[in-house]
Amino acid sequence: MAFSGALTITDLDDFLTPSQACIIPVRGSVPGKQDDGSTEIQIDDSNTYYEVSTYPTSSAGPSSGSAKALGKKALEKAEINLNDCLACSGCITSTESMLITLQSHNEVLSFISESASSTTAVKTPVLSISPQTLASLSTSYASSSSTPPIPLLILLRRIRYFMATSQNGKWRTWDTTFARHLSLRETVAEFQERRQWSAKGKEVAWDSSSPEPGPLPVLASACPGWVCYAEKAQGDMLPLLSQTRSSQAVMGGLVKTWWAKMMDLSPSDIYHVTAMPCYDKKLEASRSDFYSAAYSTRDVDCVLTTGELDLLLSELGFNPFTPSPEEHMTELDATSLAGSPWPELLNHPGSSSGSYLASIIDLVAASHPSPTRLVTREIRDSTDNVEYLLEEVSSGEIIFKGIKCYGFRNLQNLVRKVGKETGLVKSVRTSSKLSAALAARRRKSRMARGGEITSTPTPIDSDAESLTVPAVKDEKKVDFVEVMACPSGCVNGGGQMKPVSSVARKVLDEEGYERPLPDDGTDLGMTVDSGIEKLPEDSHEGTRWSTKDWVAKVEAVYWNGLPTPPPSPKADPVDLTVQRGKTESEKHKLADELAHQVINDVTGNDAAARWEFLRTRFRKVEGDVLSNGGLTHEAVKW
Ligand code: SF4
C-alpha cells in the first residue's frame, strides 16, 4: 500500500509512526507467563489473532499447528469500544473505525458526486479550515515545488474559490480563527470566574442556571488527545479542565446555529466539514455535547485531517499555484465575494496551538494595578515545558504562574505536579491505565536519533525575559496550563503533512507499509529488499516520520503566513469599510463586537443558553475491558 496523506489504518498517531498494537491488555491470557512482557499479538492472512509468547502453550488454537511449539494461541475476538480507548494512537477500535470511515475524504467526495447528480435540494456545504492546516499545506506545497510558501490568506482564498465552483458543489470555505477568537474570550472569562470563585467562594453571586465555576488551576481542554486521556485515565483531574469549547466546537455552533439562523436554514440542512491537524478532532466532533437531538445533526458532520484535505483537493484537481481572481482583493471585497460572515485569519499571538496561555497572561497583566514583567523558565531545557511567571515589578511578587506543557512526556510530570498541589491525585502510579497510555505515547515520542522534538520560540516568548527564578518563587501554585498532547503542539499533529523527501525514497515500516523517508539525513540503517528499503529488525515505533526541521518550517509558515495586521472584515450591521487602515487591536475590537452580537443573537444573553453555546462537559469514562479486570499493562510487550 502506498503511503499518502490520507487516513490508513496505520496513521492513527499524533506525531510519530503508529502501530496496530493495542495497549489495552488482552483478557484470558496464560497466568504467570506474561509478567516478563514476552507476549506479542500476531494477525494471519485470514484476520485471525494469535497471542505469541516465548513459552510453549498447551492451549494453542486449533489452527495453530506448529504454533503450539511456538507458544502461539488463537485469541477470541474481543470488542473494544471508544470507552476503552485511551487514545494512545496505537490501534483502531471497532467503534472508532466506523467513526473514521464516516469521516473520510471519500465521504466528502461521495457528497459532492451525489450533490452533482441530485435533482432535489441538497445540503449546503461548509468547509472550515484550521490555520495549522493551512500552514502545513503551504509548507508541503512549497517543499514539493521549491517555491516560497503561499501566504495563508492567499491559500485560503484559492481553496475557497476552487471549492465554490458548481462542479465542486458550491462550498462556503472559511478559516476557524474567528471561532478561536470566541473560544479565547470565553477561556479568559472562565479563568476570571474561577479566580474570583477560588478567592471568595460563595460570596460571589452566581446564576444557578449554569454550573458553578470549577477550581484552579485551569487546564486548557482544546486538545482532544489530552481530554480523551484525562477522561479515561485521570478522572480526578476533570474538575480542572477548562469547560470552554475548542475552536472546532465553537465553529460548529457558529455554522450550525448562528449562520444557519442568518441564512434561514435548518442546522440539518448544512453539511459541515472541518480540516484539522489531527485525527483526535474526529473523536471530539463525535462527543454527545456537540449533537443536536432536536435536529438529528452534529455541529461538525465530518472532520478531515490536513492530509485528507490535501488528498480531497488533489482528487478534485486543485492546483495551489493557480491564482484566484479575488485573492489580492481587500478584505471587504473578498468577504463580499466569498460570503464570509466573519473575519478571515485573525491573528492571536502566543502559540501556534491556540494561544490560550498568552490570552490569560494578557488578561492578568492588563488587570493588575501596577506594572508587571514576564519571565520564563524552561523546565529540563525543554521548549515544550515552559513556566511563565508574571511578576509585579515593584515588589518582585509572582502574581501568576502559567505553564506551556506539550507532549505526553511532559504531561506525566504535569499531572504529578498539579495533582500534588491540589491534592486531587495522590500518586500518578495509582493508575495503571494512565501508565499504559503514557508508556505508549512516550514510546512513540522517542527519537530514533537526536532526542525529542521541541518547538521553536513563538511570539509568547518574545517579550519575556529568560531568568533563573529563585527557588522561593517555586512556591507559587500553578494558575493555568496550556496542555497539548503533541510535542511542538498542533503544527506537529498526526494528521499534518509529512516531510517531503527530495529524493522520493520510500521505506517499509515494521508493519509492511510504505512510508516516506525523512529527508533530514537520518541514517536508520535500512536494508534493501526488492528495491525497497526496509527498516532493520530491531527498529521500533519510535522511528519518526516527522522531523524537527520540518516542524520548525511549518511553525515559521504559520506565523509568517498570518497577515499582520490581519484583515478582519465585519458582518452586518457593522460598516465593513471602517476596518481599512485599522491597527491589530482595533480589528480585534471589531471582532469582539461581532462576537458579542453572535452570542446575543444565539442566546439572548441568557446565562444558561450562553453556557451551552460556548462550554462543554467532561466525564469519567470507564472502559468495559479495563474495568472488567483485563491484564495490566505490565503484561504487554512495549
Ligand atoms: Fe490534535 Fe493539537 Fe492535540 Fe496534537 S496537540 S492531538 S494536533 S489538538
Side-chain angles (χ1 to χ4, degrees), residues 5 7 11-16 18 85-90 96 100 103 128-137 176 179-180 183 187 219-232 241-242 244-251 274-287 300 303-309 348 350-357 383-385 403-411 414 437-438 440-442 444-445 452-455 458 481-498 544-546 550-551 554-555 558 616:
L7 174 66
D11 272 333
L12 293 174
D13 185 69
D14 280 331
F15 42 90
L16 300 166
C85 174
L86 293 176
C88 76
S89 299
E96 200 173 7
I100 288 172
Q103 297 199 38
S128 303
I129 308 179
S130 73
Q132 295 88 359
T133 291
L134 290 169
S136 181
L137 286 175
T176 59
R180 179 172 69 188
S183 180
T187 300
L219 310 181
S221 62
C223 170
W226 150 239
V227 168
C228 179
Y229 158 67
E231 287 189 322
K232 292 169 182 172
L241 263 62
S242 167
T244 300
R245 289 187 178 207
S246 70
S247 301
Q248 175 177 261
V250 171
M251 193 74 193
T274 59
M276 293 285 143
C278 63
Y279 295 99
D280 290 349
K281 285 287 178 186
K282 294 174 192 269
L283 300 178
E284 178 187 284
S286 73
R287 294 178 71 87
V300 177
V303 180
L304 298 182
T305 63
T306 302
E308 289 169 331
L309 176 63
H348 297 106
S351 71
S352 56
S353 298
S355 304
Y356 291 90
L357 176 57
T383 53
D384 272 349
N385 194 6
I403 296 179
K404 165 187 164 185
C405 178
Y406 291 0
F408 268 69
R409 179 196 299 265
N410 294 323
L411 206 148
L414 173 79
L438 282 172
R441 288 270 189 175
R442 289 180 58 177
K444 290 168 189 303
S445 70
E452 184 179 0
I453 293 176
T454 54
S455 58
T458 51
V481 189
E482 183 170 296
V483 193
M484 296 289 153
C486 297
S488 299
C490 296
V491 287
N492 189 32
Q496 295 282 62
M497 302 297 286
K498 302 295 183 286
R544 58 199 158 113
W545 306 106
S546 187
W550 179 257
V551 174
V554 180
E555 178 88 20
Y558 177 93
T616 186

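Please read all numbers here as calculations on a predicted model, not as lab measurements. When a ligand or atom number is given, it counts from 1 through the structure's own listing order.
At least one N, O or S atom of Cys486, from either the backbone or the side chain, sits less than 2.8 Å from atom 4 (Fe) of ligand 1. Here Cys223 fails the criterion, with no N, O or S atom under 2.8 Å of atom 1 (Fe) of ligand 1.
Side-chain atoms of Glu482 do not come within 3.5 Å of backbone N or O of Lys404 as any donor-acceptor pair.
For the pair Arg287 and Val227, the minimum side-chain heavy-atom distance is below 4.5 Å.
Ligand-side atoms of ligand 1 in range of Pro224: 8 (S), range being under 4.0 angstrom from any heavy atom. When each atom of ligand 1 is checked for a heavy atom of Gly493 under 4.0 Å away, the hits are 7 (S). Near Cys278, the atoms of ligand 1 lying under 4.0 angstrom from a non-hydrogen atom of the residue are 1 (Fe), 6 (S), 7 (S), 8 (S). Applying the 4.0 Å criterion to heavy atoms of Ala485 picks out, from ligand 1, the atoms 5 (S). Heavy-atom contacts of Asp280 reach the following atoms of ligand 1: 6 (S) (cutoff under 4.0 Å). Residue contact check: Met484 has heavy atoms under 4.0 Å from atoms 5 (S) of ligand 1.
In this structure, Glu284 and Ala222 approach most closely via the heavy-atom pair OE1-O, 3.8 Å. Heavy-atom minimum distance, Tyr406 versus Cys486: CB-O, 3.6 Å.
Residue Thr305 forms a side chain to side chain contact (heavy atoms under 4.5 Å, CB included) with just one option from Lys281, Met497, Lys282, Gln496, and that option is Lys282.
No heavy atom of Ser353 sits closer than 4.0 Å to any atom of ligand 1.
Applying the side chain to side chain contact (heavy atoms under 4.5 Å, CB included) criterion to Ala275, with sequence neighbours excluded, gives Ile129, Thr133, Leu309. Cys490 is linked by a side chain to side chain contact (heavy atoms under 4.5 Å, CB included) to Gln132, Pro277, Ser353, Met484, counting only residues two or more places apart in sequence or in another chain.
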